[in-house]
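Below is one structure, written out as structure tokens, with a few remarks after it.
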Amino acid sequence: MMSMTLRRILHGLGLLVVLCFTLFPFYWMVSSSFKDQTDLLASPPVWLFTPTLSNYTDIFADEKVFGAIVNSLIVATLTTALSVLLGAPAAYALARFNFRGKSDLWFWFISNRMISPIVLALPVYILALQLKLLDTHLVLILIYLTFNLPIVVWICTDQFRSIPIELEQAARLDGADQFTIFRKIYVPLGLPGIAVSAIFSFIFSWNELLYALVLTRRSVQTAPVIATSFMSGYELPWGKIMATGTVIVLPVTIFALLVSKHMVRGLTMGATK
Amino acid sequence: MVQIQAKLNPGYGRWTPFWFLAPAVLALLVIGIYPTISALVTSFRRYNITRPRDGFPFVGLENYVNVLSDQTFWQSLGLTARFFLTVLPFELFFGICIALLLHRPGLGMLRALARVSLVVPLATTYAVVGLIGRLVFNRDFGIANQFLNAIGVGGLDWLGSTTGAFIAIAIMDIWQWTPFCALIFLAGLSMVPVEIEEAARLETSSKTAMLRHVQLPYLLPGLTAMLILRSADILKLFDMVFVMTRGGPGSATDLVSIYIQRVGFRIFDMGTASAQAILLLIVTIVLSRLYIKLIYKEIE
């Protein structure tokens, strides 16, 4: 009996260690964002301090940071909308039709997940330079489709396949055409899957740095690019940096918690259920 | 299967699926395939953006010859492999430990909380992970050094030394991706049928025997997925390392994506960088073929 209690305690301790492991860096960032410079540089580190909001007032007063967050919002929202608009119909075709080359097509969609952004960043930079598209929202919105479309297609194909085909057959007997069936049956019933894929698409776009770094200059810099740009100079404004980091990470963390059940599926493109 | 589905879903025109697919396929062709072909073409040219006057003449395989005989390129590939081999064992080991802790019955609330907390590292913007790394591993006031000082080991110039920087980026990677492995292992553990698990529990009290004989078969598919996805992701790894070290000091953390980025966007030698990128693409395609072949069952 004793060993049962002991095991329970060990189990609890283990879980606490897991919690500390996953949350400590996050906690450290957030708590640092509420410290003033003295507390930040204090040695040994201070665990109890008078929190200050000055870092946040600083960054929200900073047009560059504010503008970057707006840019990130614009790019992530529009690329997500576009991915769903293009990806959901494709997912329907993959879920419910047979045609030649279907599995090749599906594999091609999936393998886009594996490709390193640097492979596309080079030619897209040259193309954008020639087309005068550098430093526009458009170029980021389009290039982000390369990783968002596959995720939408994959998750939605899976979702649409779980919708009973009898519904579609019944609708066809009533004379509905394929587009009406998609709109009236698959979109509403597949909404959970569409929403999950949209959230993933938003998270990935919001977090992206490499494309944003090379394809934007001044006016369209996204939030991660701005956060990175603080890292030069001698005296680093750590409080401001951590406040910016917190502001960037908070919305996607909330989104990720919403889809936490699907996290593995989203990251592996359904390799494990 | 084909016949069954044709029977289930008859009466659509031959071109119906085409209209549903065309927009997505067209978009991916334009933004994915066209640039890839364009990179392939560039890789056969001398193409330095800073010297447009020289033109961009075709030079055949010159770039490839240069890349393949370039020590630094091979070093960056070697470093990437070493990074993979360094972080993966930790991520797998911690991953399975966490998964077992979370799978064990009891302590429902705490378990649910720990399970949800795994999502936090995964969702954290990679660039911000780099920022946190810069703060934690700061030589003067970073908490890593303060901790080392407190236990009497003495601080390290983490980001300023070759080994230190490599370990620092490895730790941040392990922090971010262990939860990924844990979640996949956990998914595998929950696939073990309850009756089998309970029967096995009656037979043996040994945790390792249980793991080896009962649970392992359910963990293997996930393990393959992790091996391939983590290797692809480490070939892609850029954001976090770029923010933390820019590949330095020297070339201590010059992973392959960082190196190609530097050749392309600091030296602006697009020809050479494209050749490197194409070689990287070939490796990735082999990997993803492997992945798809091993993981996915043929789509019906």
Side-chain angles (χ1 to χ4, degrees), chain A residues 11-12 14-15 18-19 22-23 25-26 29 41 43-45 86-87 89-90 92-93 96-99 103 106-107 111-112 114-116 118-120 122-124 142-143 145-146 149 165 178 203 207 209-210 214 224 227-228 238 241 245 248-249 252-253 256-257 260 263-264 267-268 271-272, chain B residues 2 5 8-9 12 16-17 20-21 23-24 27-28 31-32 35 38-39 98 101 104 107 110 114 116-121 123-128 131-132 141 143 146 175 183-184 187 222 225 229 232 235-236 238-239 243 257 260-261 264-265 270 273-274 277 280-281 284 288 292 295 299:
Chain A
H11 187 201
L15 290 171
V18 173
L19 270 173
T22 53
L23 296 182
F26 187 80
M29 168 181 74
L41 305 183
S43 176
L86 298 172
Y92 170 56
R96 282 291 140 92
F97 294 97
N98 280 311
F99 46 88
S103 60
W106 193 73
F107 290 151
S111 55
N112 272 286
M114 317 276 284
I115 290 172
S116 173
I118 191 70
V119 176
L120 292 181
L122 296 159
V124 168
L142 291 178
I143 198 68
L145 288 179
T146 52
L149 261 179
I165 202 158
Q178 219 62 52
I203 295 176
N207 282 351
L209 174 70
L210 177 53
V214 301
T228 319
W238 283 109
I241 294 172
I248 295 173
V249 169
V252 282
T253 311
L257 291 176
S260 68
M263 203 69 198
V264 174
L267 287 168
T268 60
T272 51
Chain B
V2 174
Q5 197 162 20
L8 282 172
N9 199 358
Y12 57 81
T16 317
F20 282 98
L21 282 166
L28 270 187
I31 57 169
S38 152
I98 294 176
L101 276 173
R104 200 187 146 83
L107 300 169
L110 192 59
V116 165
S117 78
L118 291 178
V119 171
V120 171
T124 307
T125 312
Y126 313 132
V128 175
L131 294 178
I132 298 174
F141 57 85
I143 185 131
Q146 304 212 1
W175 174 69
L183 286 172
I184 292 184
L229 282 175
L235 284 173
K236 283 175 23 178
F238 174 85
D239 300 8
V243 174
S257 291
I260 299 178
Q261 186 269 159
F265 295 104
M270 288 289 176
S274 297
L280 182 61
L281 181 66
T284 317
S288 66
I292 285 165
I295 302 299
I299 184 170

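Keep in mind it's a predicted model, so treat the numbers as computed, not measured. Letters A, B, ... are given to chains in the order of the sequence lines, protein chains preceding strands, and every chain is numbered from 1. Any value given below was found using the heavy atoms of this structure, including those in side chains, with hydrogens, waters and symmetry copies removed.
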task = Report the C-alpha separation of B:Leu235 and A:Ser116 in whole Å, then their side-chain angles, then the decisive distance to 0.1 Å, and conclude whether the side-chain contact (heavy atoms from CB on, under 4.5 Å) test is met.
result = CA-CA 7 Å; B:Leu235 284 173; A:Ser116 173; 5.7 Å; no

request  = State, to 0.1 Å, how close B:Ala123 and A:Val252 come at their nearest heavy-atom pair, and which atoms those are.
outcome  = O-CG2, 3.7 Å

key: From CG (A:Asn207) to OG1 (B:Thr124), nearest 0.5 Å   = 8.0 Å

key: Among A:Val119, A:Thr253, A:Leu257, residue most engaged with chain B (heavy-atom pairs, under 4.5 Å)   = A:Val119

Region of B:Gln146 that comes under 4.5 Å of a non-hydrogen atom in chain A = side chain

message = I need the A:Leu210 CG to B:Tyr126 OH distance, nearest 0.5 Å.
response = 12.5 Å

request  = Name the option with the most non-hydrogen atom pairs under 4.5 Å to chain B; the candidates are A:Thr22, A:Leu120, A:Leu41.
outcome  = A:Thr22

request  = Not counting sequence neighbours, which residues clear side-chain contact (heavy atoms from CB on, under 4.5 Å) with A:Pro89? List them please.
outcome  = A:Phe182, B:Phe20

ask   = A:His11 and B:Leu101: which non-hydrogen atoms are nearest, and at how many Å?
value = NE2-O, 2.7 Å

ask   = Which bit of A:Leu149 is near chain B, if near means a heavy-atom gap under 4.5 Å: side chain, backbone, both or neither?
value = side chain

request  = Could you tell me the separation between the CG atom of B:Leu118 and the CE atom of A:Met263, rounded to the nearest 0.5 Å?
outcome  = 10.5 Å

remark   = If you tally heavy-atom pairs under 4.5 Å between each of A:Ala256, A:Pro25, A:Ser111, A:Gly14 and chain B, the highest tally belongs to A:Pro25

Minimal non-hydrogen separation, B:Leu28 against A:Leu145, with atom names = CD2-O, 4.3 Å

query = Would A:Ile118 and B:Phe238 count as a side-chain contact (heavy atoms from CB on, under 4.5 Å) if you check the C-alpha gap in whole Å, the side-chain angles of each, and the deciding distance to 0.1 Å?
reply = CA-CA 9 Å; A:Ile118 191 70; B:Phe238 174 85; 5.8 Å; no

remark   = Looking only at heavy atoms, the pair that brings A:Leu209 and B:Ala127 closest together is CD2-CB, 4.0 Å

key: Check against side-chain contact (heavy atoms from CB on, under 4.5 Å), B:Ile98 and A:Val18   = CA-CA 7 Å; B:Ile98 294 176; A:Val18 173; 3.9 Å; yes

message = Please classify the contact of B:Leu183 with chain A as side chain, backbone, both or neither, using a heavy-atom distance under 4.5 Å.
response = both

key: Option in A:Ile203, A:Ile115, A:Ile241 with maximal non-hydrogen atom pairs under 4.5 Å from chain B   = A:Ile115

query = If you measure from CG on B:Leu21 to CZ on A:Phe97, what distance do you get to the nearest 0.5 Å?
reply = 9.0 Å

query = Yes or no on side-chain contact (heavy atoms from CB on, under 4.5 Å) for B:Leu110 and A:Leu19, after CA distance, side-chain angles and deciding distance?
reply = CA-CA 9 Å; B:Leu110 192 59; A:Leu19 270 173; 4.0 Å; yes

query = Considering all heavy atoms of both residues, which atom of A:Val249 and which atom of B:Val128 are nearest to each other, and what is their separation?
reply = CG2-CG1, 3.6 Å

query = Which atom pair, heavy atoms only, marks the closest approach of B:Ala27 to A:Leu86?
reply = CB-CD1, 3.8 Å

